[in-house]
Amino acid sequence: MQSNISKELNMKFPPIALLKTDTKPEDAIGPKSEKGGCVMSFVAQTIANRKTTYFGRDHITCGGISVGFGWGSGRANEDAIDFQATFLSCGVESAPNREAYEERLNHMPKHTSEMFRHGERIYSDFETAKAGIKNRPVYDEGQYVIFKGIENLEEGEIPESVIFTVNPIELTALIQINSSFRLDGAYILTPQASACQAIGCFTFREADSDDPKPVLGPIDFAGRSKMKHFIPNDYLTLSVPWELFLKLEELSENSVLQTDLWKKFI
């Protein structure tokens with residue numbers, strides 16, 4: 001499949017597709033056996049090099065990815081939520097039980113413990129972080145997610161979502177097209193989410209909506225740090241459910257992209 005939006009915008013990075021499956025793909029790049037890491041390094045390889053990649057439940061190594069790709073809440077108990085909320089806010093400064101938090105850090109490698117000590121600071125305080133964790137969309141299905149260039153979709157494959165990787169001008173055009181049939185409300189979502197959650201569970205939730213919207217990301221620097229070797233820093237992702245992608249593709253054939261105004265930016 002070819003994307004008309006990508007063709008009209010002459011995109012450096014054509015869109016990629018996210019699919020769910022219960023079968024481990026044999027012809028894709030994935031983590032080594034019993035290892036994980038950050039999935040965004042694999043996503044970035046698909047975006048930049050058009051390599052088909054995958055990630056599975058057995059590769060989970062962080063607290064956010066379980067919920068990110070619809071593999072449960074990732075919350076074993078209340079203590080696990082508190083630990084994650086402490087990390088996502090201001091680390092030791094935010095810990096409701098500072099002594100217990102620091103004790104867990106003593107069992108981590110130094111680099112990791114320092115990161116957890118200072119916190120990721122995507123939330124301003126512990127209470128907001130905990131509420132944000134509990135409000136994430138939770139799904140529990142599929143064993144693997146696969147990322148592939150949209151041009152590599154096989155007949156009969158229907159993605160969960162499509163991920164655009166855009167510079168500011170391309171994002172402006174996509175916002176224009178996405179807004180062209182709407183009258184009320186927010187047209188693009190920017191949830192306080194990790195990169196994998198933005199392209200995963202928050203986009204999955206939009207697929208269940210009567211009025212699905214694109215999800216902008218990544219707004220977390222941890223996710224971006226795993227992509228920067230493949231994707232320039234001035235690019236963003238815009239993730240859309242499959243049905244919305246098809247609608248935007250149709251709209252793009254008679255849109256701002258056919259105007260003289262747009263031609264000034266080509």
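Basis for what follows: all heavy atoms, side chains included, without hydrogens, waters or symmetry-related copies. From a predicted model like this one, the values you see are computed outputs, not experimental measurements.
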Trainee: Donor-acceptor pairs under 3.5 Å, side chain of residues 216-231 to any protein atom, not counting sequence neighbours: which ones?
Mentor:
from	atom 1	to	atom 2	distance (Å)
D220	OD1	A195	N	2.9
D220	OD2	G223	N	2.9
R224	NE	P218	O	3.1
R224	NH1	N233	O	3.3
R224	NH1	Y235	O	3.4
R224	NH2	Y235	O	2.9
S225	OG	A222	O	2.6

Trainee: D140 and R57: salt bridge (charged side-chain N to carboxylate O under 4.0 Å, His left out), yes or no, with the steps?
Mentor: CA-CA 11 Å; D140 198 350; R57 287 183 189 244; 2.7 Å; yes
Trainee: Can you tell me how far SG of C90 sits from CD of E120, rounded to the nearest 0.5 angstrom?
Mentor: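 So the gap between those two atoms works out to 11.5 Å.
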Trainee: Report yes if some heavy atom in the side chain of I188 is under 4.5 Å from a heavy atom in the side chain of L238; otherwise report no.
Mentor: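 A side-chain contact exists here, since the closest heavy-atom pair is under 4.5 Å.
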Trainee: Is any NZ, NE, NH1 or NH2 atom of the basic residue among R117 and E102 found under 4.0 Å from an Asp or Glu carboxylate oxygen of the other?
Mentor: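 Yes, R117 and E102 are salt-bridged.
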Trainee: Atom CD of residue position E250 - does it have more than 12 heavy atoms of other residues, nucleotides or ligands inside 6.0 Å?
Mentor: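 Counting other residues, nucleotides and ligands, CD of E250 stays at 12 neighbours or fewer.
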Trainee: Tell me whether Y123 contacts the main-chain N or O of A131 through its side chain, where contact means a donor paired with an acceptor under 3.5 Å.
Mentor: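 Not confirmed, Y123 side chain does not pair with A131 backbone.
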Trainee: If you compare all heavy atoms of C62 against all heavy atoms of I60, which two are closest, and at what distance to 0.1 Å?
Mentor: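 Looks like O-CG2, 3.6 Å.
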Trainee: Contact between E157 and L19 at the side-chain level, heavy atoms closer than 4.5 Å - yes or no?
Mentor: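 Counting from C-beta outward, E157 and L19 do come under 4.5 Å.
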Trainee: Check this for me, if you would: do D260 and K263 make a salt bridge, where the nitrogen-to-carboxylate-oxygen distance has to be below 4.0 angstrom?
Mentor: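 Salt bridge between D260 and K263, a charged N being under 4.0 Å from a carboxylate O: yes.
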Trainee: Do V215 and E206 touch side chain to side chain, with heavy atoms closer than 4.5 Å?
Mentor: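 Yes - at least one pair of side-chain heavy atoms lies under 4.5 Å apart.
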Trainee: Do L189 and F202 pass the side chain to side chain contact (heavy atoms under 4.5 Å, CB included) test, and can you show the C-alpha distance, the side-chain angles, and the key distance before you say yes or no?
Mentor: CA-CA 9 Å; L189 304 180; F202 282 93; over 6 Å; no
Trainee: Can you get from V67 to F69 by hopping between Ile, Leu, Val, Met, Phe, Trp and Tyr side chains that sit under 4.5 Å apart?
Mentor: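 Cluster IDs for V67 and F69 differ.
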Trainee: Hydrophobic clustering (ILVMFWY, side-chain heavy atoms < 4.5 Å, transitive) - are L9 and L248 grouped together?
Mentor: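 Linked within one cluster.
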Trainee: Quick one: are F126 and D82 in side-chain contact, heavy atoms under 4.5 Å?
Mentor: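 Contact flag for F126/D82 side chains = yes.
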Trainee: Hey, are the side chains of Y54 and T21 touching, using non-hydrogen atoms and a 4.5 Å cut-off?
Mentor: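 No, every pair of side-chain atoms sits at 4.5 Å or beyond.
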Trainee: Hey, what do you get for OG (S161) to CZ (F245), rounding to the nearest 0.5 Å?
Mentor: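 Going from OG on S161 over to CZ on F245, the span is 11.0 Å.
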Trainee: Should the pair R104 and F83 be classed as cation-pi, given the thresholds of under 6.0 Å to the six-membered ring centre and 45° from the axis?
Mentor: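 Because its charged atom sits under 6.0 Å from the ring centre and within 45° of the axis, R104 does stack over F83.
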Trainee: Locate the shortest heavy-atom distance separating I199 from F147; write the atom from each residue and the value.
Mentor: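 For I199 and F147, the tightest heavy-atom pair comes out as CD1-CE2, 4.2 Å.
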Trainee: Can you tell if the side chain of Y144 reaches within under 4.5 Å of the side chain of T23, non-hydrogen atoms only?
Mentor: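 Of all side-chain heavy-atom pairs linking T23 with Y144, none is under 4.5 Å.
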Trainee: Indicate if M115 and L105 have the same hydrophobic cluster label, given that clusters are the connected sets of ILVMFWY residues with side-chain heavy-atom separations under 4.5 angstrom.
Mentor: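 Yes, one cluster joins them.
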Trainee: Flag yes if L18 and L246 sit in one hydrophobic cluster, no otherwise; membership is Ile, Leu, Val, Met, Phe, Trp, Tyr, and two members link when side-chain heavy atoms are under 4.5 Å apart.
Mentor: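 No, because L18 and L246 fall into different hydrophobic clusters, even though each may have its own neighbours under 4.5 Å.
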Trainee: State, with a plain yes or no, whether a side-chain heavy atom of L251 is found less than 4.5 Å away from one of S180.
Mentor: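 Heavy-atom side-chain distance check passes, below 4.5 Å.
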Trainee: Could you please spell out the steps behind the side chain to side chain contact (heavy atoms under 4.5 Å, CB included) verdict for T46 and V43?
Mentor: CA-CA 5 Å; T46 301; V43 174; 5.7 Å; no
Trainee: Evaluate whether atom CG of N254 has more than 12 neighbouring non-hydrogen atoms of other residues, nucleotides or ligands under 6.0 angstrom away.
Mentor: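 No, not enclosed.
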Trainee: Taking everything shown except F265 itself, do over 12 heavy atoms lie less than 6.0 Å from its CZ?
Mentor: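 Counting other residues, nucleotides and ligands, CZ of F265 stays at 12 neighbours or fewer.
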Trainee: Could you go through R98 and Y101, starting from their C-alpha distance and side-chain angles, then the distance that decides it, and tell me whether this counts as side chain to side chain contact (heavy atoms under 4.5 Å, CB included)?
Mentor: CA-CA 5 Å; R98 181 167 180 160; Y101 187 75; 5.7 Å; no
Trainee: Rounded to the nearest 0.5 Å, what's the gap from CD on Q176 to CG on L261? Could you check?
Mentor: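 Here the interatomic distance stands at 9.5 Å.
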Trainee: Of all the heavy-atom pairs spanning Q258 and S252, show the shortest one and how long it is.
Mentor: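 Of all heavy-atom pairs spanning Q258 and S252, the closest is NE2-O, 3.1 Å.
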Trainee: Identify whether the distance between the nearest side-chain nitrogen and carboxylate oxygen of E249 and K7 falls below 4.0 Å.
Mentor: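 K7 and E249: not salt-bridged.
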Trainee: What's the spacing between I177 CD1 and E253 CD if we round to 0.5 Å?
Mentor: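 It comes to 10.5 Å.
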Trainee: Where is the tightest heavy-atom contact between F13 and I47, given as atom of each residue plus distance?
Mentor: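 Minimum heavy-atom contact is CD2-O, 3.6 Å.
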Trainee: Please walk me through it: do Y139 and D208 pass side chain to side chain contact (heavy atoms under 4.5 Å, CB included)?
Mentor: CA-CA 12 Å; Y139 298 84; D208 294 334; 2.8 Å; yes
Trainee: Should the heavy atoms of other residues, nucleotides or ligands under 6.0 Å from CD of E78 be counted, would the total exceed 12?
Mentor: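 Enclosed: over 12 neighbouring heavy atoms sit under 6.0 Å from CD of E78.
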Trainee: Specify the closest pair of heavy atoms between G64 and Q84, including all atoms of both residues, with the distance to one decimal.
Mentor: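 Distance-wise, the nearest heavy atoms are N-NE2, 3.5 Å.
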Trainee: Would you indicate whether the side-chain heavy atoms of W262 and S255 approach each other to under 4.5 Å?
Mentor: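 Side chain of S255 against side chain of W262, heavy atoms only: no contact under 4.5 Å found.
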Trainee: Main chain of N167, side chain of E170: is a donor-acceptor contact present, judged purely on distance under 3.5 Å?
Mentor: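 Flag set: sc E170 to bb N167 pair under 3.5 Å.
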Trainee: Nearest 0.5 Å, please: how far is NZ in K148 from OG1 in T53?
Mentor: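 That separation rounds to 10.5 Å.
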Trainee: L236, M11: one ILVMFWY side-chain cluster at the under-4.5 Å cut-off?
Mentor: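 Result: yes, single cluster for both.
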Trainee: What are the two closest non-hydrogen atoms of G30 and F42, and how far apart are they?
Mentor: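 Scanning both residues completely, I find the closest heavy atoms to be C-CE2, 3.5 Å.
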Trainee: Is it the case that more than 12 heavy atoms not belonging to K12 sit under 6.0 Å from its NZ atom?
Mentor: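 No - once you tally the heavy atoms of other residues, nucleotides and ligands closer than 6.0 Å, there are 12 at most.
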Trainee: To the nearest 0.5 Å, how far apart are CD in E160 and OG1 in T203?
Mentor: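 Going from CD on E160 over to OG1 on T203, the span is 10.5 Å.
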Trainee: Examine distances only and state if a side-chain atom of W71 and a backbone atom of G142 form a donor-acceptor pair shorter than 3.5 Å.
Mentor: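 A pair under 3.5 Å: yes.
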